[in-house]
Structure formats: C-alpha cells, structure tokens
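Within every chain, numbering begins at 1; the chains are lettered A, B, ... in the order of the sequence lines, protein sequences first and strands thereafter.
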Number of protein chains: 2
Amino acid sequence: MQLPEAKQKFIETWGKLGSEWGINRTMAQVHALLLVTPDALTTEQVMEELSISRGNANMTLRDLIGWGLVEKQLRPGERKEYFYADKDIWNIARQVAKERRKRELEPVLKTLEELIQVKGDKNDPEFKTFHKSMTDINKMSKNADRMLDTMLQADESWFWGSIFKMFK
Amino acid sequence: MQLPEAKQKFIETWGKLGSEWGINRTMAQVHALLLVTPDALTTEQVMEELSISRGNANMTLRDLIGWGLVEKQLRPGERKEYFYADKDIWNIARQVAKERRKRELEPVLKTLEELIQVKGDKNDPEFKTFHKSMTDINKMSKNADRMLDTMLQADESWFWGSIFKMFK
DNA sequence: ATAAACTTTCAAAAAGTTTTGAAAGTTTAA
DNA sequence: TTAAACTTTCAAAACTTTTTGAAAGTTTAT
C-alpha cells in the first residue's frame, strides 16, 4: 500500500470510528486528515482533500476548535487562516474525555439526583425497583465522574501516573 | 414528581444518553423501561408503554439480547415470551464495554496494524507524520484494549478489584 | 471609501437512520 | 391437520442529521 492510499484508509477508519461513538463523521475525518498532515492546512485545502463544501469545512473546523482538538494559526503577512491539529494522542484522548464529561455526564448526573429524590411506597415493587436502579446508576456515574476527574489530572497525580506507566 | 412521570423522565434521559454514545435511541429506551420494571415484560407491553410498533419492539428486543443486556424468559404453560433486564449496573457496564471492544476496537486495531506496515521515505515529513500518528494511535489503542481486558476480568483480579473498591 | 480576500451563515436539499405495519413464518395444542 | 397464538421480516414512509452553496458579513490594503 502506498502513502496516499494509506492516508485515505486512515481517514475513512477514523471517520467510521467517530460516528460509532457519536462524533460526526466529517468532523472525525477532518481531524484524521490534520493528524497525518505535518503542517497546518487552510479551509481551501481541507475542502479539496476531502471533497466537502466550504460551509461544511468551515463549520467542522470551528467544531474541532470547540473540542480543543485543532488550533487556528495565523501567518504574518497572510490573510488566510491555517488549521493545525495537536498530534499527541494522549492529549487528544484527554481532551475528548474532558469534553464529553462536561457535555454528557454532567447533565445526566443532574437528572439522576432529581430522580433519586422521588418519594414512594417502600413496599411497592415498582417503586423499589425504580429507586434502586436510580441509586445504583447514580453511584456508578459519580464514580466514573470522579475517576475521570482523577485521570484527567494524571499529569499531576502520582497514583494514576504510576498506574499508567504499567501500560506503556 | 410522581413515579410514572419519573419513569418517563428516566426513559427519556437514558435514550438521549444512548444516542449520544452511538446506541440507537429506542434500544436505550426499551432498556431503560426494563431497568425500572421489577418483572419481565412481553413484546406487547413494551409496545404499549413506549408507543412503538410491533416490528420495532421485536427488533430492538432482539438487539438487546444480542448485546447481552436482556434475557428472554419462558413461562411454563404460556406461549408468550417475556423479556427481563439484568439490573446490576456493573454487569451492564461490563457487558457494554465488552461488546463495543469486540465490535469497534478490534477492527480498528486490525486496520492500524496494516497501516503501520506502510513503507516510505524516512526523510519525507508527510511519511514521518503519518507513521508516527499510526504508531502512537496503535500503541494507545492496544493499551486501552489490554486495560479493558484486565478490567473486564476484575472479578477475578485482585489488583483491579482493590482499585475499584477505592471508588465505592 | 472601495475592492479584494477571506470567513460565516442558513435555508433548502441530500443522505442516512429509524420506524411502521402488513404479510409471511413458526410453533403449539387439540 | 388445522387454526390460533405468537414472532419475524422487510419495503416503504417518517424522521433526523448532515451537507451544500450562494449570499451576507468581515477584515485589510490601498
């Protein structure tokens, strides 16, 4: 397999993976393209490489910036904006975990707290089952939340730091 | 808030969460319904409670069985099939992690192995960036894979067992 | 102030996904 | 074997999400 074909395949794979995990396919593809490109690209180049429209490229790049995965670069003497992706995969994973925690885990935790407060007849199996499920899910989500929090600070954490080293 | 309303809200929340994570909304909703229902339900009851069609209910229940989240129960002397969801949230999480690992992580690892083999000019920045990204992503995915594997066996593992207890 | 270079917006269209429901299939009891 | 009870299938319809592209907006240089 040659480089251009391999790039194509990676972009396709990354896009598919993204969409399976609730990330827009094009966004994952643009990210993949930037990941295998040594230097920053313009909107124009992204449009060209992936055959997507200007509007789509622009929106997707803005989203990627919102996720903290891509940065805008300005070059002295040029009007065009260049887009560059951080290539450190550990930073990428942290960034994604951080965003999803904020965007998805937090709202669910809020709803669960509310649902746990619902009062009912302690002898009603319906109520008992409901209440137990809510309590259990809440507990586990809170744990996941705390765990993520700890892991996201792994740089500074002796404990997780040493655990991750085990997997290097 | 009263129980029926609370159930409704939970079903809605769980469905939304599911779709944000690449799981079909209805599937997540049916699962949520079964999670807050003490006993097994028939296809008919699921259709009724969620106002969905027979075909949809049937397919969704089959999918849930495929994910290992729901079991079919047969009652002596009855023709109908009953569906019951395991309510142990830790089992649920493990099951989902296990399935997604198999369905998504494994194929990506396979593709990455292939892309890492691609040969090229070691002085070409294009090639260098591509190769480094592939190697890094592969490393991290393999780690995630091994970590999941370890965690999925936590029951039998002294090490992770004791780590999880910290978060109880 | 003007025009060129570039970015952003958004309504409409296309693409993709999910749902429906009627028909076909299967199993069981008598 | 037949009919009733139940389950499964799948093409078409409904719905959701994504993409397009032309128009509007912004910035910069002269």
Side-chain angles (χ1 to χ4, degrees), chain A residues 11-34 40-67 70-84 100 103-104, chain B residues 11-34 40-67 70-84 100 103-104:
Chain A
I11 289 169
E12 193 190 309
T13 305
W14 207 237
K16 201 175 134 223
L17 188 67
S19 70
E20 278 162 351
W21 285 88
I23 285 154
N24 167 330
R25 207 181 73 244
T26 305
M27 186 167 141
Q29 286 180 340
V30 171
H31 187 225
L33 171 63
L34 293 175
L41 297 180
T42 62
T43 304
E44 211 76 32
Q45 288 173 301
V46 170
M47 288 165 59
E48 165 86 6
E49 292 272 354
L50 301 178
S51 313
I52 61 175
S53 72
R54 182 173 302 284
N56 195 6
N58 173 67
M59 277 200 161
T60 300
L61 285 166
R62 265 201 296 120
D63 280 358
L64 281 168
I65 291 171
W67 276 75
V70 163
E71 64 175 65
K72 213 185 246 191
Q73 287 182 348
L74 294 174
R75 298 188 180 179
E78 275 198 84
R79 289 278 265 313
K80 265 190 292 252
E81 294 173 329
Y82 287 79
F83 299 93
Y84 179 81
R100 298 205 78 152
R103 297 180 192 202
E104 290 146 26
Chain B
I11 290 169
E12 192 187 297
T13 305
W14 207 236
K16 200 175 136 226
L17 188 67
S19 70
E20 278 160 346
W21 285 88
I23 285 155
N24 166 331
R25 206 180 75 245
T26 305
M27 187 168 139
Q29 286 180 339
V30 171
H31 187 225
L33 171 63
L34 292 175
L41 296 181
T42 61
T43 304
E44 210 78 30
Q45 289 173 301
V46 170
M47 289 165 59
E48 164 88 4
E49 291 273 353
L50 301 179
S51 314
I52 62 175
S53 72
R54 181 173 301 284
N56 196 6
N58 174 66
M59 277 200 160
T60 300
L61 285 166
R62 265 202 296 121
D63 280 358
L64 282 167
I65 290 171
W67 276 76
V70 163
E71 64 174 67
K72 214 185 245 190
Q73 286 182 349
L74 294 174
R75 298 190 179 178
E78 274 198 84
R79 291 278 264 316
K80 265 189 293 246
E81 294 174 329
Y82 287 79
F83 299 91
Y84 179 81
R100 298 205 79 152
R103 296 179 192 204
E104 290 146 26

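Between the CE atom of A:M47 and the C1' atom of D:dA22 there is a distance of 13 Å, rounded to whole Å. Atom CG in B:L61 sits about 13 Å away from atom P in C:dT19, given to the nearest Å. Rounded to a whole Å, the CD atom of B:E48 is 17 Å from the C1' atom of C:dT20. Here D:dT19 presents its P atom at 11 Å from CG of A:L50, a figure rounded to the nearest Å. Atom CD1 in A:I52 sits roughly 11 Å away from atom C1' in D:dT20 (whole-Å rounding).
B:S51 comes within 4.0 angstrom of the backbone, heavy atoms only, and of no base.
Pairing each heavy atom of A:R75 with each of A:A40, the nearest pair is NH2-CB, 4.0 Å. For the residue pair B:A28 and B:G15, the shortest heavy atom distance occurs at CB-CA, 3.8 Å. Here the closest non-hydrogen pair linking B:V70 and B:F83 is CG1-CB, 4.0 Å. Summarising the geometry of A:R25 relative to A:K16, their closest heavy-atom pair is CG-N, 4.4 Å, with the distance given to 0.1 Å.
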For nucleotides 1-9 of chain C, just jot down a letter per nucleotide in 5' to 3' order: B, S or -, based on protein non-hydrogen atoms under 4.0 Å.
---BBSBBB
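When the nucleotides C:dT19, D:dT18, D:dG21 are ranked by their closest atom to the side chain of A:S53, D:dG21 comes out on top. For A:N24, the listed nucleotide lying nearest its side chain is D:dT19; candidates were D:dT19, D:dT20, C:dT20.
Across all strands shown, C:dA4 forms a Watson-Crick or G-U wobble pair, both distances under 3.5 Å, with D:dT27. Pairing for D:dA11 is with C:dT20, a Watson-Crick or G-U wobble pair whose two hydrogen-bonding atom distances lie under 3.5 Å.
The aromatic rings of B:W21 and A:W21 stand perpendicular to each other, their planes meeting at an angle above 60°, with 30° marking the opposite boundary.
Expressed to the nearest 0.5 Å, how far CD of A:Q45 lies from OH of A:Y82 amounts to 7.0 Å.
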